[in-house]
Amino acid sequence: MSSTNQNNGAKKIIGLEEWERKLAEVKVSKQDLNKLIMNYLVIEGYKDAAEKFSRESGLQPGIDLASIEDRMNIRNAIQSGDIEDAIERVNDLDPEILDTNPKLYFHLQQQRLIEFIRDGRVGEAIEFAQEELAPRGEENPEFLEDLERTMALLAFEDTSVSPVGYLLDHAQRQKTASELNAAILTAQCQEKDPKLPSLLKMLVWAQNQLEEKMLFPKIRNLVTAELEAPAPSG
Amino acid sequence: MTNTNTSSQSSSTRRASSFLPPVLNFLGQSAPRNPASSSSLPSSNMSHPTNISGSPPVRVKTLRNKPPDYLADSPLGLPFGVDCAPRSSTAERKSPLFTSLPASAFISTESRHSNGELAKALGDCDTSPSEKKPSKAINLPTQWSNKDKSPSLELSATSLRVTYTGPGQTDAHAAAVRTNHPIPPQCGLFYYEVTIISKGRDGYIGVGLCAQNVPLNRLPGWEDNSWGYHGDDGHSFCCSGTGKAYGPIFTTGDIIGCVINFMSKTVSFTKNGVWLGVAFKNVVDHGKSDGALYPSVGLRTPGEIVEANFGQRKFKFDIEHHYKEEKARLWHSVNAAPLPSLPTTDIPQDSSDSGLKGQRRDGSTDINELILAYLIHHGFCETAATFHGNAIVGRSSSSSTSGHVSESNKRMMVDDDVFSKDDIRQRQMIRAQVLNGDMDEAINLIKSFYPSILPQNQHLDFQLRSQKFVEMIRALSGTPEARLDDGRNAMDVDADDTAASGSAASSHMPADSMRDVVQFGQDLQKEFGSSESEEVRNALVETYSLVAYSEPATSPVAYLLDPSNRILVADAVNSAILVSQHRPAVPAIENIYRQTCVAVQELVRAGNGAAAFINVEKECLL
């Protein structure tokens, strides 16, 4: 085992046999793990898989699976640039989401402005900015800054040289879509982050920390999750 | 799982205390841990109140000794390798790691009724030579120590209030007291408050902590291994007679709190519920095994009186919020780290249909593989196919059109052979038969689909056939079939034609005569009676004893009829098939969960203050 720690030799070693006994003592049921899987499928929006899984495992998805589809549709609308459609869908789903979240609503409108500019609809873009965005910008300096940055897109004929050209990247759409997705999940009293990735990160963290103290059988490959016995010290 | 204890009162007590480490002794009293002291039950039952047969006094005591609320989630109980609190009333399934025989085969009646495999695990744990102090309780400081105090101090009856009785002339007349127990790093964070009842003549009062070996005629902070915050000047003293400006002065009526944080290795103070910031860094050095630290107060002039609160009353400072903030900080740093062994090339998101799935952060490819493997492992055939189509094939095709295929996707495509629907379906059919109790059909299917399994696996063969014996008895005695409360019922309902017909067959099957049953039992005896495995021989005797009861359902071995045993058998078959295909007997996700739990537990045991903030079970299982 490679380690920068010099007193490797003095480190405690837990062998495979002892470690496996400890592993066996951990209590976890198939039902627990099924829930972990369902949690991932639901939050990540794998509606069909979640449906099948619910049927095959007998586990309730915990939410209305139709709402996954709604979220997927809304997300897809934003990622394909149809912000109006997304706004309409969110309002159909739950009008409170945008009503109670002015920042999110502003970001959606900003995204809409970006899409106008992307499509070269300059006249519409300016009109939209004046009518919808400017009044809000006056209310909130943070919004105003966003608005100014977006309008700066119009100042460059070739947006690729513009310092704000990144607004036209797909990543900007994704950012907006994620913000909306998270808001919907919050409104539905759902967690925003699936637990499985956290589990993996916890494992990585815990193994790294523990390695400073002792040698123990480690899982290095997260996909196979095979234990690697600690090499003899030295 | 059946519960021999029917008292609703005691079961609610158990629920309320279920999150508590059973051996934690908040008031510092020692719970009876020696089986001989109160009953003849195995010791593993005694020290763990979730084992239902544990004696009531232990449970009551555990409840009363509830640690402060802010520590409710901390893994104080983990250093024993035991977190045996049942999360729900649903029967806990034996994990595949344990699967070699049904629990009924080798666990005694009483422990089986509580939780057989757990009792066994605990038994192993308790007798393990590697556990140096298997049953040493973790104690939190709960009061000042009558023994570990300066003679110039007087304690109240509750040992919380301290009054100065010395001459108070010079610094040499200072007087300090330590708590009954040091602060266990396993709590991650410890907090206590001191109310200044009276500042006395001069209010030379110090609040802080110190090691065991610090003289008690000094105020906290004046000596090595001693740290304190002093009321007369508001200075902080770090192992030195000279303090430095830290916070406001404090006097009669003020409440001073002290936060010992084992994650950041800092000590901070609060005054009247207001955070004063970090006073000392790098204090908590648990590299030294003898470096245990005790809360401590020191008084110096006549009339000075202080009273401590170690969690008996509500704190002035919102320590729960602070605890959560610290925990959130840790989570943030844990989650900020990228996952290793990930494909470095991120797959472009332009393809509209893959937009949603591909969007998630880096690790999703690995996670998708883990999930797929899990679904295949347990035979969730339809889900696996759908997930494979949505999450993996969709991504591969979108990435190949854009000119590159990540290593992981290549691997996945190659692995498509492994993703054999036939195999999944076959395993599913076998499982359905076992769960239906049609063991003959199950055995036939195994023989035809996986002919090598049974000849190679005597245990499994025995398990299947003794289960068949049980099913014969069940049919004969007309024991009503309890429905499996396991979620996999749904699969029975949806199962394919073969399973459905099998199910019909089993319910209309004419019951074998007792003669047939006895005959079958004798065959079993002939074949396995001289087995080298003691477990097998014992299980055989136990199973065979079913015949002796006219009403097996109410007999002492009635648990053998529990339909949940079918699940154990079904799991064992599934694992055996997977192993024969050189695939893991346990799905990777389960290994990861177990590994994470043990790694965190070992960290806590080794005194890692940050790990004490993590409760894997609570974070990951819903």
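First the proteins, then the strands, lettered A, B, ... as listed; each starts at 1.
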Between Ile592(B) and Leu222(A), what is the shortest heavy-atom contact and its length? CD1-O, 3.3 Å

Measure across Pro197(A) and Ile367(B) and return the closest heavy-atom pair with its distance rounded to 0.1 Å. CG-CD1, 3.5 Å

For the CD atom of Gln601(B) and the CG atom of Leu23(A), what is their distance to the nearest 0.5 Å? 9.5 Å

How far apart are the closest heavy atoms of Ala49(A) and Thr383(B), and which atoms are they? O-CG2, 3.4 Å

Is any side-chain heavy atom of Asn335(B) closer than 4.5 Å to a side-chain heavy atom of Trp205(A)? no

Heavy-atom distance under 4.5 Å between the side chains of Tyr40(A) and Asn368(B), does that happen here? yes

Would you mind reporting whether Leu196(A) and Ile589(B) have side-chain heavy atoms less than 4.5 Å apart? yes

Looking at Trp331(B) and Met202(A), what are the two nearest heavy atoms and their distance? CH2-CE, 3.4 Å

Nearest 0.5 Å, what's the OG1-CG distance between Thr224(A) and Asn591(B)? 9.0 Å

Let me know if Leu199(A) has heavy atoms under 4.5 Å from chain B in its side chain, its backbone, both or neither. both

Can a donor-acceptor pair be found, under 3.5 Å and without considering hydrogens, that links the side chain of Lys201(A) to the backbone of Val334(B)? no

With a 4.5 Å cut-off on side-chain heavy atoms, are His378(B) and Leu33(A) touching? no

Here the pair of heavy atoms bringing Glu56(A) nearest to Glu382(B) is OE2-N, 2.8 Å

Might you work through the side-chain contact (heavy atoms from CB on, under 4.5 Å) test for Glu212(A) and Asn608(B), ending with a clear yes or no? CA-CA 11 Å; Glu212(A) 289 173 16; Asn608(B) 181 301; over 6 Å; no

Would you name the heavy atoms of Ala606(B) and Met214(A) that are closest together and state the gap between them? CB-CE, 4.4 Å

Could you give the distance from CZ (Arg605(B)) to NZ (Lys213(A)), rounded to the nearest 0.5 Å? 13.0 Å

With distance as the sole test, does Gln595(B) use its side chain to make a donor-acceptor pair with the main-chain N or O of Pro217(A) at under 3.5 Å? yes

Identify the residue among Lys12(A), Lys22(A), Gln207(A) that makes a side-chain hydrogen bond (donor to acceptor under 3.5 Å, both in side chains) with Glu602(B). Lys22(A)

Tell me, do Phe53(A) and Leu375(B) make a side-chain contact under 4.5 Å, heavy atoms counted? yes

Could you give the distance from CG (Leu621(B)) to NZ (Lys35(A)), rounded to the nearest 0.5 Å? 8.5 Å

Interchain contact, Ser198(A) with chain B, by part (heavy-atom threshold 4.5 Å): both

Do Lys52(A) and Phe380(B) come close enough that some side-chain heavy atom pair is under 4.5 Å? no

Do Leu200(A) and Leu370(B) have side chains that get closer than 4.5 Å, going by heavy atoms? yes

